[in-house]
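Reading through the structure tokens given below for one structure.
In what follows, every chain begins at residue 1, and chains take the letters A, B, ... in the order their sequences are listed. Bear in mind that the values here come from a model prediction, so they are computed numbers and not experimental data. Atoms considered below: every heavy atom in the structure, side chains included; atoms not considered: hydrogens, waters and symmetry mates.
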2 protein chains.
Amino acid sequence: MRAVMSETERKSGAAFQPLYAQVKATMTQWIGSGRWQPGEMIPNEFQLAAEFNVSQGTVRKALMALEADKLIVRHQGRGTYVARHTPQRALFQFFRMVDEGGKRLTPTSQPLSQTQRKATREQARLLGVEPGTMLHVITRVRLFGADPAIFERILVPVALMPELAVTLGTEMTDEMYVIYQDRFLITIARASERLRAVRATREEARHLAVEEGYPLLEVVRIAKDVNGKPVELRISRYKTKEYSYATEVT
Amino acid sequence: MRAVMSETERKSGAAFQPLYAQVKATMTQWIGSGRWQPGEMIPNEFQLAAEFNVSQGTVRKALMALEADKLIVRHQGRGTYVARHTPQRALFQFFRMVDEGGKRLTPTSQPLSQTQRKATREQARLLGVEPGTMLHVITRVRLFGADPAIFERILVPVALMPELAVTLGTEMTDEMYVIYQDRFLITIARASERLRAVRATREEARHLAVEEGYPLLEVVRIAKDVNGKPVELRISRYKTKEYSYATEVT
DNA sequence: GAGTGGTCTAGACCACGGT
DNA sequence: CCGTGGTCTAGACCACTCG
């Protein structure tokens with residue numbers, strides 16, 4: 001690692017990165033490329049320090065940063081592991097609906113359709129692909145108990161996950177992010193969301209058991225992998241009578 | 001600081017806190033109590049280390065945590081300062097509306113009314129006060145350019161900010177959080193929000209230039225001080241045709 | 001008991017901002 | 001130039017997990 005950047009480079013401004021940041025970036029790549037696989041235990045701090053030719057403290061700083069990004073999990077006395085999406089974790093991390101008392105809700109899933117379609121200009125822009133790129137288009141309804149509460153459209157570039165459609169017959173009820181990781185080694189690390197209030201279309205109204213025009217909370221989410229590349233575009237429309245979307249601002 | 005907790009206490013489980021966490025907690029109290037005031041430069045790491053009887057590295061870890069909480073700002077070569085709410089910072093930190101291109105929007109403000117009223121049971125619960133406690137109730141419309149986009153009700157316990165009403169005639173257009181800090185030494189450090197889609201009431205429709213029943217994005221925010229105590233309850237209703245609420249999930 | 005991560009210390013050197 | 005925070009190192013000791 002010391003050899004990655006000469007002393008003069010390190011002092012020359014633009015290219016300078018602290019050692020721990022270089023170590024972290026390399027480790028992130030290793031996770032993104034599958035060299036370190038989800039669930040795998042990685043070497044301890046001293047072994048990594050030797051490998052990168054830095055001190056254990058520098059490795060620690062990189063690991064702390066990776067843990068903050070939720071790319072690894074550390075357990076005192078056990079070791080450090082590459083983070084794995086379990087259905088529970090995927091929901092806890094990315095699903096923000098709570099009931100009136102503030103308790104987190106867990107939905108079940110009911111598939112409606114799955115096809116492939118060319119990306120519109122807008123969809124392509126959001127996903128960072130060329131317009132016309134083939135996308136998987138999956139629609140489903142999600143329920144809280146027996147109450148249909150969410151109408152959802154999921155769009156994923158076919159090139160990223162060629163066999164996605166095949167798996168869906170059986171695994172549709174699973175968390176999509178678990179499927180992406182287990183079948184395609186693609187880990188969703190973060191997402192950006194845009195929220196608006198909209199009127200239910202006739203189709204949405206029918207599936208959500210409300211009248212046409214009923215106000216729905218629309219969430220447009222772009223989910224990204226560990227390197228920040230967009231992987232999935234998801235448009236969700238929530239019935240928010242007894243439920244609400246919870247977030248913290250700091 | 002070493003004296004705060006004996007060795008036996010430190011080993012006895014429940015009460016145990018790492019040294020840097022104890023240092024951080026003490027510093028947070030100093031900021032909350034006004035012993036360290038907004039904008040003030042605080043002593044350097046070595047002076048603090050001497051004062052707390054810990055090493056400079058431990059102080060640093062506490063300071064890094066305070067910086068992550070946005071309670072202080074650090075500048076290499078200049079020093080460490082207690083964070084101050086400027087209108088720009090308050091907006092950047094807490095105002096999440098963006099236009100269709102994703103650019104942050106800055107609203108202007110137009111006051112509608114200010115009164116005092118007893119807290120309902122629900123309002124009291126959210127603010128952590130007794131039902132019937134007197135609250136300032138402020139309503140206003142916020143605009144993007146000439147477009148009235150937000151209808152907002154702000155509720156603050158009178159006991160926390162007795163003279164709030166007096167200041168409002170002139171400063172209504174300012175960021176409330178700047179007023180809370182400058183006039184009452186209360187710093188808003190974080191907030192929790194609940195979002196739903198609702199129908200515009202007749203009054204909201206009139207102020208926002210939409211028809212009654214138009215879908216609005218409702219944001220219920222509880223703003224808290226550095227110690228996590230609720231200070232303000234704010235119900236905002238956003239017209240989200242050309243604007244949307246942006247958030248990141250990690 | 002061996003091995004892991006968590007805390008704490010001590011000190012070196014650097015980059016940056018103002019005098 | 002001096003004082004500040006930022007980076008990096010080295011090593012000690014502790015708490016936790018597991019065989």
Side-chain angles (χ1 to χ4, degrees), chain A residues 1-27 40-68 70-83, chain B residues 1-27 40-68 70-83:
Chain A
M1 179 55 65
R2 283 187 188 291
V4 166
M5 189 170 282
S6 71
E7 280 305 309
T8 50
E9 277 176 323
R10 290 190 52 186
K11 287 174 184 170
S12 69
F16 171 75
Q17 285 276 101
L19 263 188
Y20 69 83
Q22 299 175 46
V23 172
K24 182 194 170 193
T26 304
M27 290 176 170
E40 183 181 343
M41 180 175 171
I42 68 179
N44 72 35
E45 298 181 350
F46 286 96
Q47 293 170 316
L48 290 169
E51 184 161 3
F52 283 105
N53 250 292
V54 299
S55 79
Q56 175 257 3
T58 299
V59 167
R60 166 176 294 267
K61 199 159 178 184
L63 291 173
M64 300 288 265
L66 286 177
E67 186 179 35
K70 299 193 173 71
L71 295 186
I72 60 173
V73 287
R74 318 187 72 197
H75 302 285
Q76 180 171 159
R78 285 210 278 137
T80 300
Y81 299 80
V82 179
Chain B
M1 180 56 64
R2 284 184 186 293
V4 166
M5 188 170 280
S6 72
E7 279 307 307
T8 50
E9 277 175 325
R10 290 192 49 188
K11 287 175 183 169
S12 68
F16 171 76
Q17 285 275 102
L19 264 188
Y20 69 82
Q22 299 175 46
V23 172
K24 181 194 171 191
T26 303
M27 290 176 172
E40 185 181 342
M41 179 175 172
I42 68 178
N44 73 34
E45 296 181 349
F46 284 96
Q47 293 170 317
L48 290 169
E51 183 162 6
F52 283 106
N53 248 291
V54 299
S55 78
Q56 175 257 6
T58 299
V59 167
R60 166 177 293 265
K61 199 159 178 184
L63 291 173
M64 300 287 265
L66 286 178
E67 186 180 35
K70 299 193 174 69
L71 295 186
I72 60 173
V73 287
R74 318 188 75 198
H75 302 285
Q76 182 171 158
R78 285 209 279 137
T80 299
Y81 299 79
V82 179

What integer distance in Å separates [X]:[atom1] from [N]:[atom2]?
X       : N      : atom1 : atom2 : result
A:Glu67 : C:dG5  : CD    : C1'   : 10 Å
B:Ile72 : D:dG6  : CD1   : C1'   : 14 Å
B:Leu63 : D:dT7  : CG    : C1'   : 16 Å
B:Leu19 : D:dA15 : CG    : C1'   : 15 Å

For this session: Specify the residue among A:Gly57 and B:Thr80 whose closest nucleotide of DNA chain D lies further upstream toward the 5′ end.
Result: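 Mapping each residue to its closest nucleotide by heavy atoms, the 5'-most match is B:Thr80.
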Is there a side-chain contact between [X] and the phosphate of [N], meaning an N or O under 4.0 Å from OP1 or OP2?
X       : N     : result
A:Lys61 : D:dC8 : no
B:Thr58 : C:dT7 : no
A:Tyr20 : D:dC8 : no
A:Arg74 : C:dG6 : yes

For this session: Using a 4.5 Å cut-off on heavy atoms from C-beta on, say whether the side chain of A:His75 contacts that of A:Met41.
Result: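 The answer is no; the side chains never approach within 4.5 Å.
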Exercise. Considering only heavy atoms from C-beta outward, does the side chain of A:Leu63 approach that of A:Met27 to under 4.5 Å?
Worked result: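 When only atoms from C-beta onward are counted, A:Met27 and A:Leu63 do touch, with a gap below 4.5 Å.
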Residues in side-chain contact (heavy atoms from CB on, under 4.5 Å) contact with [X], at least two apart in sequence or another chain:
X       : result
B:Phe46 : B:Asn44, B:Gln56
B:Gln76 : none
A:Ala25 : none

Looking at [X] and [Y], what are the two nearest heavy atoms and their distance?
X       : Y       : answer
B:Val23 : B:Ala62 : CG1-CB, 3.7 Å
A:Ile72 : A:Glu67 : CG1-N, 3.6 Å
A:Ala49 : A:Ser55 : CB-C, 3.7 Å
B:Leu48 : B:Pro43 : CD1-O, 3.4 Å

Listing time: all N or O pairs from protein to nucleotides 16-19 of chain D that are below 3.5 Å?
residue	atom	partner	partner atom	Å
D:dC16	O4'	A:Gln76	OE1	3.4

Exercise. Would A:Lys61 and A:Lys24 satisfy side chain to side chain contact (heavy atoms under 4.5 Å, CB included), going step by step from the backbone distance to the final call?
Worked result: CA-CA 8 Å; A:Lys61 199 159 178 184; A:Lys24 182 194 170 193; over 6 Å; no
For this session: Give the intermediate values and the outcome of side chain to side chain contact (heavy atoms under 4.5 Å, CB included) for residues A:Thr26 and A:Phe52.
Result: CA-CA 10 Å; A:Thr26 304; A:Phe52 283 105; 3.8 Å; yes
Can you give me the N/O atom pairs linking the protein to nucleotides 11-13 of chain C at distances under 3.5 Å, or say none if there are none?
none

Problem set entry | Side chain B:Arg60 and base D:dG6 donor-acceptor under 3.5 Å |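 Yes, the side chain and the base share a sub-3.5 Å donor-acceptor pair.
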Exercise. What are the residues of residues 40-49 of chain B, sorted by number, that bring a heavy atom to within less than 4.0 Å of DNA chain D?
Worked result: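 The answer is B:Asn44, B:Glu45.
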